Amino acid sequence: MKKPEKMMIYNLFPLLAGKFSDWEKHLERAAEMGFNWVFVNPIQKLGKSGSLYSISDYFSINPAFLNETSKKTPETQLQEVIKKAEALGLKLMVDLVINHCAVDSHLVTDHPDWFQQENGKLVHPSADENGKRVVWRDLVRFDHRSTKDKEGLNRFLMSVVDYLTGLGFKGFRCDAAYQVPKGLWEKIIRETRSKHSDISFFAETLGCSSDETRKTAEAGFDYIFNSVKWWDFHGAWLMEQYHLTRQVVPSVGFPESHDTVRLFTELNGNLEGMKQRYLFSALYSAGVMMPMGFEFCFRKQLHVVKTKPADWEETDCGLAPFIKNVNGIKGAYTIFQEDAPTEVLPYHNPNILFLWKASVSSSEEALIILNKDIHNRQEFYVDSLYQFVQSKNPLKDVSPEYPLDYLPTPFHYELRPGQAIVLVTKR
């Protein structure tokens, strides 16, 4: 079986990072923490709403990211920062937004047949949020299924992909991928890989059912994003979703995203909870993604319109060494680079998560003993750790903090708040 790719993604949020010339310091920090991919939200020219996801011109760069005094073209300025990233060992992926565009885009007037209409009016994307219907009137939906000019629309979308790969991007986070027909994704992925075999596609499928996720993933995507961020460490639903999709496509977990409240705010400033959530997101899933600022415990939520470089926060919180340790564990062991068979083992203390994993592409097994309680210590005791693994070889403690040189039998340990013990062996 093909060895899985290491997938540790740093989300460089462009409105917070500022101009391309200011990105290098953020890229260097991402590389130092052990990330090997950088995800960048849309960098193209925006519509009047100013939202990153309201693209008006797919072949122009957002002037907010450009050095106005430079004589270099916008594309050259971007390509130079991508080359700097590559020199640091980082691949860049960018959002691919093809389910909608800005309502004031020239495409709406130039190609009206490309867009959904009801009763002669353009259809705006919408969603249910907290029981209310939210309509994004700055956007208009492409009509992928019923347009009279499907060939023209598809050719245009392929040219967008070609433009972005030509700039140097090696991957695409496909926004609301489940809203685009599977057949179109198959065509885009197939044609792109016929020209560039090293391009990766990531399906953003949050909010849809596991069945919808599977169908979308079957179009040829390399990864999907999972919902580990919302798990309370108790319900059965996360593991059920995991087993429904893991044999089709591996997943990427995240402790927070540009769409969510900052975790440090959500946890009322609990540092142990931050560590717990990052570790679990990274080691539960094949891939992990973290937005910029998480490493500094930023509190201010990222916003696709309002965020500015001036929103950078000065804090005394430094999670970077811990994140580097976790990424080091993930990068060193194949079992943490795939959606491996995983089982929650029964344990009498409900405040402790006891997890078993077994790799499908290597001989590795792992046990994760995690304190769900981020405020109090919890006792863990078993007669023998070896009764929970198939391997007869020694277990090794590879935990990012407080690793044990010796694992006694019976095993008794008082877990610190939020602490996780990570044990690995080979069958």
Side-chain angles (χ1 to χ4, degrees), residues 8 33-34 226-239 242 252-257 260-285 288-291 293-299 315-330 333 335-336 342-357 366-382 385 388 395-404 407 411-424:
M8 293 159 283
M33 287 186 287
N226 65 42
S227 300
V228 66
K229 186 263 179 297
W230 292 276
W231 196 42
D232 63 359
F233 294 115
H234 292 282
W237 63 266
L238 181 71
M239 205 61 64
Y242 182 82
V252 176
F254 51 88
E256 68 178 31
S257 76
T260 70
V261 173
R262 286 285 194 180
L263 185 61
F264 199 57
T265 298
E266 196 176 341
L267 296 177
N268 296 313
N270 188 296
L271 194 62
E272 305 312 319
M274 296 283 285
K275 293 178 181 179
Q276 176 208 64
R277 280 289 174 175
Y278 184 77
L279 179 143
F280 188 73
S281 298
L283 302 188
Y284 172 80
S285 314
V288 65
M289 184 172 71
M290 184 194 85
F294 184 94
E295 67 270 40
F296 299 120
C297 302
F298 281 5
R299 290 179 177 271
T315 73
D316 58 1
C317 171
L319 280 176
F322 178 84
I323 293 165
K324 181 178 181 178
N325 287 346
V326 173
N327 288 348
I329 297 166
K330 189 170 185 66
Y333 295 96
I335 194 169
F336 300 127
T342 301
E343 182 182 347
V344 176
L345 300 175
Y347 191 71
H348 62 85
N349 183 347
N351 290 309
I352 289 178
L353 176 68
F354 193 16
L355 210 65
W356 168 86
K357 296 175 75 73
L367 294 174
I368 298 176
I369 307 161
L370 181 142
N371 185 357
K372 303 176 188 179
D373 189 342
I374 60 176
H375 302 287
N376 303 289
R377 291 174 174 252
Q378 296 291 336
E379 297 279 345
F380 179 80
Y381 177 90
V382 291
L385 289 166
F388 301 103
L395 283 159
K396 180 181 180 181
D397 188 347
V398 298
S399 305
E401 291 184 306
Y402 319 111
L404 299 170
L407 300 173
F411 184 79
H412 180 212
Y413 190 92
E414 186 179 58
L415 291 158
R416 297 165 179 83
Q419 183 188 353
I421 297 174
V422 183
L423 308 173
V424 177

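By convention here, the first residue in the shown sequence is residue 1. It should be emphasised that the depicted structure is a prediction, and the values quoted were computed from it without experimental measurement.
- In this structure, Glu379 contributes its side chain and Glu414 its backbone to no donor-acceptor pair below 3.5 Å.
- Figure legend: Arg416 and Tyr402 shown as a cation-pi pair, the cationic atom lying under 6.0 angstrom from the six-membered ring centre and within 45 degrees of its axis.
- Heavy atoms only, all atoms of each residue included: Leu279 and Pro400 are closest at CD1-CG, 3.4 Å.
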- prompt: Do Val252 and Asn226 pass the side chain to side chain contact (heavy atoms under 4.5 Å, CB included) test, and can you show the C-alpha distance, the side-chain angles, and the key distance before you say yes or no?
  reply: CA-CA 6 Å; Val252 176; Asn226 65 42; 6.0 Å; no

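- Not one N or O on the side chain of Ser285 forms a donor-acceptor pair closer than 3.5 Å with the backbone of Ala282.
- Proximity of the aromatic rings of Phe354 and Phe380 is defined here by a centroid distance below 6.0 angstrom, and this criterion is met.
- You'll find the side chain of Leu353 reaches within 4.5 Å of the side chain of Trp231, heavy atoms only.
- The backbone N or O of Gly235 sits less than 3.5 Å from a side-chain atom of Asp232, completing a donor-acceptor pair.
- Cation-pi check for Lys330 over Phe336 is not met; the charged atom does not lie both under 6.0 angstrom from the ring centroid and within 45 degrees of its normal.
- A donor-acceptor pair under 3.5 Å links the side-chain atoms of Thr315 to the main chain of Phe296, judged by distance alone.
- Here the straight-line distance linking atom CG of Leu370 with atom CG of Leu355 works out to 9.0 Å at 0.5 Å rounding.
- Remark: Lys275 engages Glu401 in a salt bridge, criterion side-chain N to carboxylate O under 4.0 Å.
- Of all non-hydrogen atoms in Leu395 and Leu407, the two that sit nearest each other are O-CD1, 3.4 Å.
- Below 30°, between 30° and 60°, or above 60°: for Tyr413 and Phe411 the angle between ring planes is below 30°, a parallel geometry.
- Side-chain rings of Tyr242 and Tyr284 approach one another, their centers coming within less than 6.0 Å.
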Side chain to side chain contact (heavy atoms under 4.5 Å, CB included) assessment of Leu319 paired with Leu271: CA-CA 9 Å; Leu319 280 176; Leu271 194 62; 3.7 Å; yes

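- Lys229 NZ: more than 12 foreign heavy atoms inside a 6.0 Å radius.
- Within a 6.0 Å radius of NZ in Lys396, other residues, nucleotides and ligands contribute 12 heavy atoms or fewer.
- Taking both residues in full, the closest heavy atoms of Ser281 and Val228 are given as OG-CG1, 3.9 Å, listed atom of the first, atom of the second, then distance.
- The two atoms that bring Asp373 and Gln276 nearest to each other are N-NE2, 4.4 Å, heavy atoms only.
- The nearest pair of heavy atoms linking Asn371 to Leu415 is ND2-O, 3.6 Å.
- A heavy-atom distance below 4.5 Å is not found between the side chains of Val261 and Glu256.
- Within the 3.5 Å criterion, the main-chain N or O of Met33 finds a donor-acceptor partner in the side chain of Asn327.
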task: Could you walk me through whether Ile368 and Trp356 pass the side chain to side chain contact (heavy atoms under 4.5 Å, CB included) test, one step at a time?
output: CA-CA 7 Å; Ile368 298 176; Trp356 168 86; over 6 Å; no

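- Across Phe233 and Lys372, no two heavy atoms sit closer than the pair O-NZ, 2.9 Å.
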